[in-house]
Undergrad: 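Take this structure first; my questions come after.
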Amino acid sequence: QGQYAAPPRLVHGDPGLHNVLWAAPGLTLLDWEFAGWGDPRTDLAWLAWTMRFRALPPRCWQALLAGYGPAALPIDEGALHTLAL
């Protein structure tokens, strides 16, 4: 396992903004037909790319991380870049 490896966990598989319900107190991932086992940070990498592409404010990323939970951490720019590729 490499520097960015993480134990497999249940991942969404299609976590685009079209599958995120933003509501208090956090967020909910919808539409789980592509779910499977993998690195949960792959979901976050896709969301990070989408959020940057759509120029969402950083507070949205922080809310997403808080809602996604500790399974995704640690996550850093290098890991996001690697997983997004």
Undergrad: Nearest 0.5 Å please: distance from the CG atom of L44 over to the CH2 atom of W49.
TA: 15.5 Å
Undergrad: What distance separates L29 CG from L21 CG, expressed to the nearest 0.5 Å?
TA: 9.5 Å
Undergrad: Any chance you could measure D31, atom CG, to H18, atom NE2, to the nearest 0.5 Å?
TA: 7.0 Å
Undergrad: For a quick test of reading the model, state the closest non-hydrogen atom pair linking P40 to R9 and the distance between them.
TA: CG-NH1, 4.0 Å
Undergrad: Going through the checks in order, is the side chain to side chain contact (heavy atoms under 4.5 Å, CB included) test met by L47 and L17?
TA: CA-CA 7 Å; L47 283 164; L17 296 180; 4.0 Å; yes
Undergrad: Sub-3.5 Å donor-acceptor pair from the side chain of D43 to the main-chain atoms of G13, do we have one?
TA: yes
Undergrad: Evaluate side chain to side chain contact (heavy atoms under 4.5 Å, CB included) for V11 paired with W37, printing each intermediate quantity in order.
TA: CA-CA 6 Å; V11 296; W37 294 103; over 6 Å; no
Undergrad: The criterion is ring-ring contact (aromatic ring centres under 6.0 Å, His included); which residues satisfy it with W32, sequence neighbours excluded?
TA: H12
Undergrad: Keeping N19 on the side-chain end and D14 on the backbone end, is there a donor-acceptor pair under 3.5 Å?
TA: yes
